[in-house]
Amino acid sequence: MAHGPTSPEDQLALLSRGTVEILPDPAALLERLRLCARAGRPLRVKQGFDPTAPDIHLGHTVGLRKLRQFQDLGHQVVLIVGDYTGMVGDPSGRNKTRPQLTAPEVEAHARTYLEQFFRVLDPQPAPPRLPVEIHRNGEWFSRMDFMGVMGLAAQYTVARILERDDFAKRVRDQQPIGLHELFYPLMQGHDSVEVRADVELGATEQKFNLLVGRALQESHGQPPQIALTLPVLPGLDGVQRMSKSLGNYVGVTDAPADMFGKLMSLPDRVMADYWTLVTGASEEELRALGPQLELSRQAAVTEEAIRAIGGYQPMELKKRLARRIVRMYHGEAAGATAQQDFEAQFSRRETPEHLEEFGPAELAKALGHAPNAGIVEVLVASGIAASKSAARRLVEQRAVSVDGARVNGLDFAVDTGRAFVLRAGRQMRRFRPDLP
């Protein structure tokens, strides 16, 4: 009935790829696959998305791509648009309370999410694929009266809620925790009860919430869901998770040129994460790229290491990555054009040979007492900006780019371990780490 592997064992092998954990263990997922096969029904596979910003980005597609695997195997994908949880704000991975959104803000964001989900999932599937089932959790939370809220709260203890790392750390650091935040895991877990989920996906930081779902299902007499945790995609800074609030994201609706340019700004060390998590590259392709991707993770690459794998061209590898991702969301022609435009503007032929250069000495002077080099210090070191305040204004005006990728915020991380071209308006400078 399904595309690709049909036996529970083969499906487990496919679905396990790219996961961090399967909880309570892979054997539990295999048993659920077998039970569903015997009953002649698909797994109900859930993931929730809180519409806290207008668009989805490549970080969201890590889960969506795994959902597409389940959909291709003939299982029922259940998307939860968290219109109510979105107004609470997920505390996972946070060291302070999120600002609360209004209902109109969440609703406006939700409308764009619904269209963008189907840039990865199949919107009009033919058998054996099933149409995606979509719910807003306001369907059940809006009907819940105060006694219903008390009944939900009675299913879990404060001690267990405070065991989660995020809350425990905030208690230790004497950071406030809003009472409403304690309800978030219960709300996400109750979503699983309402849709009778067999499986729930989430990033590694969602592990606690996924396990709460298992506990609440058991208390309602349902088989507890299997939890699949997935890696977190690093943002364009290569350090923090991809997030619109941090400005280190690539939106799935970004224009092809912007998408290509942003991806070319990636630090080499996270290229492997993008190839693995968001390109859909086959196991064979990843094996072929393996030696180069392994070198890309290293802080320093020796000539001996390059010779050992028969050559290493990180810029070309990054261009292939950027073109592939643009092609996924805009088509083959758009990917080719984006690459051509990038190369025409920033290739050696178009970059003046007499381009003024700067190096570590100028950077050290601009740093002063700052611990790390950010885009502001780099602009001052280059001579493009006469002061840090002038550099900040250029960034805020979105007038700055690094190797053709627009700098979107003052927290933009600059990889000073490699050469790059810095541009602000008509002014261009080349940074060379090998200069004295």
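For R119, the salt bridge (Lys or Arg N to Asp or Glu O under 4.0 Å) criterion is met by E115, not counting sequence neighbours.
The shortest heavy-atom contact between G189 and L216 is C-CD1, 3.7 Å. Contact detail for V252 and M259: the closest heavy-atom pair is O-CE, 3.8 Å. The two residues D237 and P267 make their nearest non-hydrogen contact at O-CG, 3.8 Å. For the pair L12 and L33, the tightest heavy-atom approach, listed with the atom from each and the gap, is N-CD1, 4.0 Å. Scanning all heavy atoms of the two residues, the minimum distance from V20 to P231 falls at CG2-N, 3.6 Å. Scanning both residues, A419 and P433, for their nearest heavy atoms gives N-CD, 3.6 Å.
Between the side chain of Q116 and the backbone N or O of Y113, no donor-acceptor pair lies under 3.5 Å. When atom types are taken as modelled, the side chain of D72 and the backbone of R129 share no donor-acceptor pair closer than 3.5 angstrom. The backbone N or O of A390 sits less than 3.5 Å from a side-chain atom of S387, completing a donor-acceptor pair. Remark: side-chain polar atoms of D25 are paired, donor with acceptor, to backbone N or O of A27 under 3.5 angstrom. With hydrogens and angles ignored, the 3.5 Å screen pairs a side-chain donor or acceptor of K66 with a backbone N or O of R17. Proximity of a side-chain donor or acceptor of T19 to a complementary backbone N or O of S16 within less than 3.5 Å is detected. Judged by distance alone, the side chain of Q339 and the main-chain N or O of A336 form no donor-acceptor pair under 3.5 Å. In this structure, the side chain of T229 engages the main chain of E21 through a donor-acceptor pair within 3.5 Å.
Side-chain atoms of D50 and T85 include a donor-acceptor pair closer than 3.5 Å. No donor-acceptor contact under 3.5 angstrom links the side chains of Q217 and S192, judged on distance only. Side chain to side chain, Q188 and Q206 meet the donor-acceptor criterion of an N or O pair below 3.5 Å.
At most 12 non-hydrogen atoms from other residues, nucleotides or ligands lie less than 6.0 angstrom from CZ of R320. Under a cut-off of 6.0 angstrom, the local environment of CD in Q124 is sparse, with at most 12 non-hydrogen atoms contributed by other residues, nucleotides or ligands. Within a 6.0 Å radius of CD in Q298, more than 12 heavy atoms belonging to other residues, nucleotides or ligands are found.
Here R287 pairs with E284 in a salt bridge; the nearest charged N to carboxylate O distance falls below 4.0 Å. The pair R136-D83 does not count as a salt bridge, with every side-chain nitrogen at least 4.0 angstrom from each carboxylate oxygen. Using a cut-off of 4.0 Å between Lys/Arg side-chain N and Asp/Glu carboxylate O, E332 and R323 are scored as salt-bridged. Salt bridge absent: E396 and R393 never bring a charged side-chain N and a carboxylate O closer than 4.0 Å. Using a cut-off of 4.0 Å between Lys/Arg side-chain N and Asp/Glu carboxylate O, D166 and R170 are scored as not salt-bridged. Ion pairing between a basic and an acidic side chain is recognised when a charged N comes within 4.0 Å of a carboxylate O; E377 and K388 show such pairing. The pair E357-R429 fails the salt-bridge criterion, with no side-chain N (NZ, NE, NH1 or NH2) lying under 4.0 Å from an Asp/Glu carboxylate O.
With values rounded to the nearest 0.5 angstrom, L228 atom CG is found 5.0 Å from I22 atom CD1. Distance CZ/R269 to CG/L295: 15.5 Å, rounded to 0.5 Å. Residue S382 holds its OG atom at 8.0 Å from CD of Q427, rounded to the nearest 0.5 Å. To the nearest 0.5 Å, atom CG of residue L67 and atom CG of residue L79 are 6.0 Å apart. Note that the CG atom of N137 and the CG atom of D191 stand 4.5 Å from one another [nearest 0.5 Å]. The CD atom of Q69 lies 8.0 Å from the CZ atom of R65; values are rounded to the nearest 0.5 Å.
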* How far apart are the C-alpha atoms of H60 and F117, what are their side-chain angles, what is the distance that settles it, and do they pass the ring-ring contact (aromatic ring centres under 6.0 Å, His included) test? -> CA-CA 9 Å; H60 295 115; F117 286 145; 8.2 Å; no

* Working for salt bridge (charged side-chain N to carboxylate O under 4.0 Å, His left out), residues E163 and R160 -> CA-CA 5 Å; E163 285 174 1; R160 290 183 70 185; 5.2 Å; no

* To do: Might you work through the side chain to side chain contact (heavy atoms under 4.5 Å, CB included) test for S265 and F412, ending with a clear yes or no?
  => CA-CA 10 Å; S265 75; F412 182 89; 4.3 Å; yes

* To do: Verify side chain to side chain contact (heavy atoms under 4.5 Å, CB included) between I161 and Y156, making sure each step is shown before the conclusion.
  => CA-CA 8 Å; I161 288 285; Y156 223 73; 3.7 Å; yes

* So V212 and L186, side chain to side chain contact (heavy atoms under 4.5 Å, CB included) or not? Walk me through it. -> CA-CA 7 Å; V212 171; L186 297 176; 4.2 Å; yes

* Asked: Does the pair D273 and R297 meet the rule for a salt bridge (charged side-chain N to carboxylate O under 4.0 Å, His left out), with working shown?
  -> CA-CA 9 Å; D273 295 312; R297 294 184 186 276; 3.7 Å; yes

* Between Q292 and M271, is a side chain to side chain contact (heavy atoms under 4.5 Å, CB included) present by the stated rule, with each step listed? -> CA-CA 10 Å; Q292 290 199 63; M271 261 200 294; over 6 Å; no

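The shortest distance between side-chain heavy atoms of W275 and R324 falls below 4.5 Å. Side-chain contact between H57 and V250 is absent, with no heavy-atom pair separated by less than 4.5 Å. By the 4.5 Å heavy-atom criterion applied to side chains, M428 and E356 are not counted as neighbours. In this structure, V81 and P51 have side chains that are in contact, with non-hydrogen atoms separated by less than 4.5 Å. At least one side-chain heavy atom of L58 sits less than 4.5 Å from a side-chain heavy atom of L263. With contacts defined as side-chain heavy-atom distances shorter than 4.5 Å, the pair L321/L317 does not qualify. Considering only heavy atoms from C-beta on, V278 comes within 4.5 Å of V62 through its side chain. Looking only at side-chain heavy atoms (C-beta outward), M264 and V402 stay at 4.5 Å or farther from each other.
A cation-pi geometry, defined here as NZ or CZ lying under 6.0 Å from the six-membered ring centre and within 45° of its normal, holds between K262 and Y249.
Residue K46 is tested with E200, E194, E133 for a salt bridge (charged side-chain N to carboxylate O under 4.0 Å, His left out); the sole match is E200. Of the candidates L379, V376, V378, L379 is the only one forming a side chain to side chain contact (heavy atoms under 4.5 Å, CB included) with V400.
Ring geometry for F70 versus H75: interplanar angle over 60°, hence perpendicular rather than tilted (30 to 60°). Ring geometry for F342 versus F260: interplanar angle of 30 to 60°, hence tilted.
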